[in-house]
Protein chains: 2
Amino acid sequence: MALPPAVELRRRNRAALLEQLHRHGPQTRAELTEALGLNRSTIGALATDLADSGHLQETTGQSTGSAGRPSTLVACVPQSITVSAVEIRADRLRFALVGLGGEVLERSETALEEGADAMTAVAGLTRGTAAAAVAAMPGLVDEGTVAHSTELGWVDRRVAADLEAATGREWKVVDTATAAAVGEWARGDAREARKLLYLHGGRGLTAGLVIEGRAQRGGSIQLGHIVVEPGGRECECGLRGCLEAEMEVRAYAEDIERTTLAAGMGDGAARDWLRRSGEDLGRALGAVVTATGPDEILFGGWLRELYLSTAAPVRSALAETTLPHLRSKLRLRTPVLGDEGALIGAAETGFEAVFDRMR
Amino acid sequence: MALPPAVELRRRNRAALLEQLHRHGPQTRAELTEALGLNRSTIGALATDLADSGHLQETTGQSTGSAGRPSTLVACVPQSITVSAVEIRADRLRFALVGLGGEVLERSETALEEGADAMTAVAGLTRGTAAAAVAAMPGLVDEGTVAHSTELGWVDRRVAADLEAATGREWKVVDTATAAAVGEWARGDAREARKLLYLHGGRGLTAGLVIEGRAQRGGSIQLGHIVVEPGGRECECGLRGCLEAEMEVRAYAEDIERTTLAAGMGDGAARDWLRRSGEDLGRALGAVVTATGPDEILFGGWLRELYLSTAAPVRSALAETTLPHLRSKLRLRTPVLGDEGALIGAAETGFEAVFDRMR
DNA sequence: ATCATATGTTGCAGACAACAACAAACCTCG
DNA sequence: CGAGGTTTGTTGTTGTCTGCAACATATGAT
């Protein structure tokens, strides 16, 4: 005898149990039995198994107040599996080491000088202990390569390979908006959303879609390059009338707080910009909503400030370009994880890969 | 002893084997061993198992010309599992009974008088022997209900329940465009496409997206209600400037052959319409492409004729509204299954459900 | 204190897939 | 035409897995 026969099942069940705890927090064995649809004895075997390997910790004898033998509570050990998450922006790098169960164990942030190589900076942040490493970055990401990122100025860059070369380990690459959508769904308060659209305002505008908890296969939505004004302003991407160009993102959005403040103080140009931007954004959104049919939209990055200060034109422009039936199911909100969403979501993506690999 | 212990594995493997044969056609046992990653003996057990239950037929002793014992070829028995597929249009009903492996066993078509109830007509077509029943219809379909269909004039109709009441069996409901996309992917020649966007021209314009062979979760794209001209013509849906309204679908598209013919004979109005329609379509497509990033687009329904007769304006408008990086990977074509796509795809969706249910 | 209830634990049985050895059926080459 | 090589199906064995049932344990209720 040499290798596993029907060990596959055990592996699958182990992964399922771990994932259940990771996503839903500590649970009793009884609850796990219910959730996984397995027998008490099987859960017992799996749990002691995983406790022996250090992934789980069981705290016994929790009296619940109701009749019957008290159930043992089982929780994951965060340190037993960790995931490195990095968010790359044009001007800075953010890092988090996230443990099983979702706890953030370490965190750091480093400024990135203009022109500096992000890869070596990443290598300085991450250690090799993590079970998975995920990098989130703004742009059109497809299977480890960034096809196009106005924000980072990268075109067809094989980022996963570059990161691997710099750090000596495998990397997964996702786009910031999709990562943030995943994060808000998994650890924010958007878990009820069936189709969650996350809008991310950085130097560019991107959007990410999470459907029933799963990132939409195949990368992000280049929201900034929806054409809202055919034949309009010239955009860096070579088109005309892109949302990014029409909004004059570079001029106003980079310092959105100052712009909203100025508008509040009666600055006509700032006011005008806010109104026009809101309308343009709403129109672009209309097309995206019609194309994807979300039931919740989150305004992240500096779009958060834009939306909070000027929701009315966004809503009305959206109303003029979206089917009533799609609009009626739509909630517009701002994210609860703030700037952390992408980092959290990237880590969550890593854990998904870890669980998949276990099976 | 009463019920299955670890029978789950066997069921999974049985389903996997059947699905493999259904999708890839007859294969030898050796090929199945390779494809499923199971042991020869396991494949043998599964095959005889399924042959005994009548799902498979093994033809032995096929000499391949190369050395070694000739492998037994195993193929599905179409009659052993069948799926009813129905395509509902405003004016007619199409039905197909499709067998395991994809063979169409029966087919029929009935005209639907204006105002007639489609449900009872469906009941007249389908018999109760099929393992699954799927209905494709144009519009915004979500979990058995049609939220909105300009073509059928239905709003928030619980079609699955209605069909169930009329026929006494469970129904799955999908939208025509998505079904056609699935069909072209599974049985057409679009299997290489990673993201396949199928545009369907009926009385309305819808689109369906298939990503790596799987229908995008959550229904179709209301292509006809992308706003291409803010503040433009009034549309039935209540918005202004929708693609459907701007294209004047009702006036010209319903009889597209006559329009293209007239344009060919020098009719200025028809020519104008073709050019303007192509441009509007291209612009709407630009938004959808930016939002979904497909690598192949198929023009189905009457959009097929429109595209074949007037591709240039479509392409140039698309070029003006799509990121170069998305455009460069894009192939534009017409479907190979013609009008059958939606029916085939609906059946394929049904088989997917059947296989899922087996596990 | 006793009973009811809910939960962990243990031993057992049925099932399953991998493995290895063997049998079968083909090809090639002398 | 027969021997050797090659590929594939078959069979018996083995280790592992999960469900089940009976038992043990720990609580609340009476």
Side-chain angles (χ1 to χ4, degrees), chain A residues 1-18 20-21 26-53 56-75 358-359, chain B residues 1-18 20-21 26-53 56-75 358-359:
Chain A
M1 198 57 27
L3 267 181
V7 171
E8 203 188 316
L9 251 187
R10 182 58 151 249
R11 278 212 310 264
R12 294 185 80 84
N13 287 338
R14 253 202 303 259
L17 200 159
L18 229 49
Q20 174 75 15
L21 288 174
Q27 290 186 301
T28 67
R29 281 205 195 178
E31 286 167 336
L32 289 171
T33 304
E34 174 73 12
L36 299 186
L38 295 173
N39 195 280
R40 279 212 300 266
S41 50
T42 307
I43 295 291
L46 291 171
T48 53
D49 215 40
L50 285 165
D52 286 351
S53 65
L56 259 50
Q57 199 171 24
E58 296 191 305
T59 49
T60 179
Q62 282 282 6
S63 169
T64 61
S66 67
R69 172 175 174 171
S71 193
T72 56
L73 192 71
V74 33
M358 285 179 70
R359 302 183 221 270
Chain B
M1 199 54 28
L3 267 181
V7 170
E8 202 188 316
L9 252 187
R10 183 59 149 244
R11 277 212 310 264
R12 293 186 79 85
N13 288 338
R14 254 203 301 259
L17 199 160
L18 229 50
Q20 174 75 15
L21 289 174
Q27 290 185 299
T28 66
R29 282 204 193 177
E31 287 167 336
L32 290 171
T33 304
E34 173 75 11
L36 299 186
L38 295 173
N39 195 281
R40 278 212 301 267
S41 50
T42 308
I43 294 291
L46 291 171
T48 53
D49 215 39
L50 286 165
D52 286 350
S53 65
L56 260 46
Q57 198 172 26
E58 297 191 305
T59 50
T60 179
Q62 282 282 6
S63 169
T64 62
S66 66
R69 172 174 173 171
S71 194
T72 57
L73 193 70
V74 35
M358 285 179 69
R359 302 182 221 270

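Throughout, a chain's letter reflects where its sequence line sits, starting with A, and its residues are numbered from 1.
The CG-P distance, from B:L9 to C:dA17, rounds to 6 Å in whole Å. Atom CG of B:L46 and atom P of C:dA18 are 9 Å apart (whole Å). If you measure from atom CZ of B:R14 to atom C1' of C:dA17, you get 14 Å, rounded to the nearest angstrom. Note: CD (A:E31) to C1' (C:dT7) measures 12 Å, nearest angstrom. Atoms CG (A:L32) and P (C:dT7) sit 12 Å apart, rounded to a whole Å. Taking atom CZ of residue A:R12 and atom P of nucleotide C:dA17, one finds them 13 Å apart after rounding to whole Å. Here C:dT7 presents its P atom at 10 Å from CD of A:E34, a figure rounded to the nearest Å. Residue A:L73 contributes atom CG, which lies 14 Å from atom C1' of C:dG8 at whole-angstrom precision.
Taking both residues in full, the closest heavy atoms of A:A16 and A:L36 are given as O-CD2, 4.1 Å, listed atom of the first, atom of the second, then distance.
Out of D:dT8, C:dG8, C:dA17, the shortest distance to the side chain of B:R40 is found at D:dT8. In this structure, the nucleotide among C:dC16, C:dT9, D:dC20 sitting nearest to the side chain of A:N39 is D:dC20. Taking every side-chain heavy atom of A:S41 into account, C:dT10 is the closest of C:dT10, C:dA18, C:dA17. The side chain of A:P70 lies closest to D:dA26 when the candidates are D:dT11, D:dA26, C:dT7.
A:L38 comes within 4.0 angstrom of sugar-phosphate atoms only, judged by non-hydrogen atoms across all strands, and of no base. Using a 4.0 Å heavy-atom distance criterion, B:T33 is classed as making no nucleic acid contact.
By the 4.5 Å heavy-atom criterion applied to side chains, A:L18 and A:L56 are counted as neighbours.
How far CD of B:E34 is from OG1 of B:T28: 10.0 Å, rounded to the nearest 0.5 Å. In this structure, CG on B:L32 lies 5.0 Å from CD on B:Q27, to the nearest 0.5 angstrom.
Within 6.0 Å of CD on B:Q57 lie no more than 12 heavy atoms contributed by other residues, nucleotides or ligands.
Note on B:N13: every side-chain N or O is 4.0 Å or more away from OP1 and OP2 of C:dC16. For B:T42 and C:dC16, the shortest distance from a side-chain N or O to OP1 or OP2 is not below 4.0 Å.
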